[in-house]
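In what follows, a single structure is set out as structure tokens and then discussed.
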Amino acid sequence: MILQSLLAVVTAYLTGMLYYGIYRNITARFHKRIGPPVTQNIYDSFKLLFKKESTSYGWIFYMGPIVMATASILTLLFIPLFNDGEMEGVSRYGDLFVVLYLMAMGPLGNALAVGISANPFGAMGIGRGLTRMAGLELPFYLSLMALVYFSGSSDITQIMSAQEDMPNMMRYPLLFTASMISLTGFLGKSPFDVVGAPVEVYSGPASEFGGKFLGLLMSQSAIFTFAKLLLMVDLFWGGAGSLAELLLKSFILFIITVFIGIVYGRFKVHQAVDFLIKIPSAIAVAGILLHL
Amino acid sequence: MTYTLLPLFSALLILSIPRRWTALSSLLLSLAPPLALLIFGAPSFTFHPSAQGLEWVAFGMQNSGLSTLMGWLVALSAPLLLVTALKAESRKRFHFYFHALNSSLYTLIFAADTLLFFTGWEMMGIFSYLLLSLSGRMEAKVLLRYILFAIASALSLLGGLVLMAKHSPSTLFSDIASTLGASSSAQSGSLAAIALLLFFAFAVKAGSIGLHYWVADSYEKADDLFSAWLSAVVGKASIYAMILFFIFVLSIHENRALAELFSYLLMLVGLSTSIFATIKAAVQESPKRLLAYSSIAQVGYIVTAIGLMNSVGIAGALYHAIIHTMVKLLLFINVAGVISATGRDSFRSLGALAYRMPFSFISLLIAIIALAGIPPIGGFSSKFLIYGAMIEGGHPILLSAMMFASASAFIYCYKLIFGIYLGARPQEMREDIREVSAHYLIPQYIIVAALVILGLLPSLPMTLLDTILSGSVSGLPAEESLFSLSNGVGRYEGGVLMAAFIVVFASILAAMVSLPGKSRKINDPSNIAYCGERPESSLHYGASFASELVRIPLFGAIIRTRVATIYEGLSSLLASLSGIVRMLYRIELPSILLIATISLALLLWGGAG
């Protein structure tokens, strides 16, 4: 079980990093740049992890990225990797409610670390991040809870196995659309992204994560990205029977969010939340009412 | 009557004890009810006076599972609070009223008839009022508001109980249940009237939307320890009463005509309360006021779960009541510690205490994780049950709205910890602030241990909850082991999750520590990048955190809503009506003419009739 879990983490790390590399390349082409090699993020994360020194605000600051990475890895481990029971690890105990709440643990860890740095702009960023998260979650929950209701189970394996005849994305297209809009935001893509530290924190006490902390945050971000895509593949696309199938399906979902992100500009947070609790939520409610 | 008399006796005894021993004797006396519960169990008797013309009068105490659970909740919480009181509260009057209040709580919890229940309910209101009045911060208008709402609740309850008595051979719950509980459709009208009157009475105490006007000010202005008791324990009386009357006495869930309507009423009131109070909590500027709104929101979840009227829903409601009692006791004691250590009670003047008060910081962190319902801490288990019950009841949309409220709660949870423990130190705050004494920490860490145990063994209370519900609502899903919890649509493996969390966290921590890079701690808080501008005031953002929510139209509408406007409107309407009535008894020419005209009209109308 431990070996399977480790393999899942490595797979998620490499895939997430490569996807992010591809995303950077695609974005660069749209900007008429060449962009970095697709493996650049892997080099970067290792380089950062082995930096000689990183600034810290004590043990709370130290714990933030660790809690975030723990949450990302736990989220991944409790989502089934394949639909045939291979490499299941602890995912046999995976329940959708548990996974959804584990997804919320990471931001809280990050928020603690940012908070202790005492930078008011960092706290503003956290406030915006948490507000945006609440907005993203309404359509996401509506779609996913509808799936649980229609499948009669919150066991992810059961939801996955109930799609042998037809994947949920075809059976419930409106729910899929609403959840894809949320996924775009969850993956940090425009128009629902929140500005990161380099732009936001222009004054006040130094608060940025550096060195091994940044390395860990980059790594966990890759794992978390893959975990979210995996969840969508399992819930709406019947899961995958092989690694190739999983990579293909998750990549297609990923690339959809990438193109949405490239095409749209960024909403302000209040605009994003207002949009999310209206349009995608209405789409999801329509999707539910259509099948009740 | 043991559990009514024991605390009452304790209260009287405290009056005769020297002041320096008051808090200690109060703590020791508070151990009597849990010991009595442990040794003798809950009371059970009925008494018919059989006086001429009063055959319908009967008194009694019951030892039902529900009463026993709530009794234990009060009995175990009281000593925890009084450990803190050893340091924080030595006034005789506080301890006298506190034990007298507990006497009233035991009375209503163990009552087997409407008369004792009502007596307990009234005593609860009166002693809560007296305890509120002890606070140095209290304002007359807040007290007046509290007592007005308490009277409204009591009158509505009395109305419901009188209607019940009309249809029942006696005042005993068992007799009421046998006549009204198995109600035919012909009696649905009176049953609906009773249920609505009772619901109003309990909703006032639960602080449901629109009726919450008294809550925030009372919690904020009360003495810190009494705020804890109000939120954690006294607030649960309404939950107990709802489950007792709606499920066990009136069996509304079995009444075809009423069940669905009443179910939706409870769920919609509960949900809208949760969403409203969650958003309100996020913009409060004092920790106690934030926690007051949080309490309103959490009780909203419980009301929603009761509204489901299925076994998992009721079990989830009770489970959440247990968790909420623990969490709010912890949070209010924590905040009381912070206020006592700093002398400040606003986010504007608090901040950056994490390294000065690390034990308090950690306990608050665990409490907000439980409050937010994040696994593997106990708070997730109750939400897991409620969510499963909502799917089972066929309410995926309402469930999503509830989860949205729950996700929005992260904002105020973070504001609480950020505003007090993180961020920058306000300039006016002393530098010599140190960790609070063990009196504050011991109760907190007992609760932390209980929350962690409930996370590891989520189905620990399920046997008790199953016993409570068996016979009234269909059975709960079977549990495979103490480490897992089933909600009818899924299974939460608390043991596996806790183990996985520990392994993953420890592995990452070990890897980070073993990496060659060193972390350099920045000790200088004035290490500021000015970027061309020098901040003139504190950089702490605690009070303003989440103020941007007002820009979101829906959130802004909720934040700007002042329920006071409704009551002020009602008040001015009543004042105008009073003005008209006043005209009738003033000895002035217009009044005399008015009375004469009305009398003449009545005489003519009577004559014509």
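The sequence lines fix the lettering, A, B, ..., with proteins before strands; numbering per chain opens at 1.
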Chain A contact via B:R491 - which portion, at a heavy-atom distance below 4.5 Å: backbone
Interface residue of largest heavy-atom contact number with chain B, from A:L108, A:V285, A:I277, A:L77, under 4.5 Å: A:I277
Options A:G152, A:G58, A:G127, ranked by heavy-atom pairs under 4.5 Å with chain B, top entry: A:G58
Under 3.5 Å donor-acceptor, B:R348 side chain and B:P426 backbone: no
Side-chain (B:S484) to main-chain (B:E493) donor-acceptor, under 3.5 angstrom: no
Chain A contacts, top residue of B:G423, B:A405, B:A407 (heavy-atom pairs, under 4.5 Å): B:G423
Interface residue of largest heavy-atom contact number with chain A, from B:A352, B:S547, B:G373, under 4.5 Å: B:G373
Parallel, tilted or perpendicular: rings of B:H320 and B:Y301 (30°, 60°): perpendicular
Donor-acceptor side-chain pairing of A:Y101 and B:Y492 below 3.5 angstrom: no
Shortest non-hydrogen contact from A:G211 toward A:S54: CA-CB, 3.8 Å
Closest-packed option against chain A by number of heavy-atom pairs under 4.5 Å, given B:P396, B:A546, B:G351: B:P396
Chain B contact via A:I288 - side chain, backbone, both or neither, heavy atoms under 4.5 Å: side chain
Atom group of B:A282 that falls short of 4.5 Å from chain A, counting heavy atoms: neither
Residues A:Y13 and A:S45: side-chain donor-acceptor under 3.5 angstrom: yes
Pair B:Y414 and B:F545, ring centroids less than 6.0 Å apart: yes
Proximal component of B:I417, with respect to chain A [non-hydrogen, under 4.5 Å]: side chain
Side chain / backbone / both / neither for B:L509 at chain A, heavy atoms under 4.5 Å: both
Short side-chain to backbone donor-acceptor contact, A:S91 and A:F78, under 3.5 Å: no
Main-chain N/O of A:G215 paired with A:K47 side-chain donor or acceptor, under 3.5 Å: no
Residue part contacting chain B, namely of A:L112, when any heavy atom lies under 4.5 Å: both
Proximity breakdown for A:L144 and chain B, heavy-atom pairs closer than 4.5 Å: neither
Proximal component of A:K212, with respect to chain B [non-hydrogen, under 4.5 Å]: both
Which of A:Q158, A:K268, A:M105, A:Q271 touches chain B most, by non-hydrogen pairs under 4.5 Å: A:M105
Among A:I73, A:I2, A:I126, residue most engaged with chain B (heavy-atom pairs, under 4.5 Å): A:I126
Aromatic ring proximity, centroids under 6.0 angstrom, A:F213 and A:F61: yes
Step-by-step side chain to side chain contact (heavy atoms under 4.5 Å, CB included) determination, A:V90 to B:L497: CA-CA 9 Å; A:V90 293; B:L497 187 59; over 6 Å; no
Contact class of B:K383 relative to chain A, heavy atoms under 4.5 angstrom: side chain
is_close_aromatic(A:F186, A:F192), centroid dist under 6.0 Å: no
Option that, when pairs with chain B are counted at under 4.5 Å, heavy atom only, ranks first among A:F50, A:F150, A:F140, A:W59: A:W59
Which portion of B:F380 sits near chain A, non-hydrogen atoms under 4.5 angstrom: side chain
From A:L231, A:I156, A:D155, residue fulfilling side-chain contact (heavy atoms from CB on, under 4.5 Å) relative to A:P80: A:I156
Side chain / backbone / both / neither for A:L216 at chain B, heavy atoms under 4.5 Å: side chain
Under 4.5 Å from a heavy atom of chain A, the part of B:L398 involved: neither
Under 4.5 Å from a heavy atom of chain A, the part of B:F501 involved: both
Heavy-atom pair of closest approach, residues B:A389 and B:L308: CB-CD1, 3.6 Å
Under 4.5 Å from a heavy atom of chain A, the part of B:F404 involved: both
Side chain / backbone / both / neither for B:F505 at chain A, heavy atoms under 4.5 Å: both
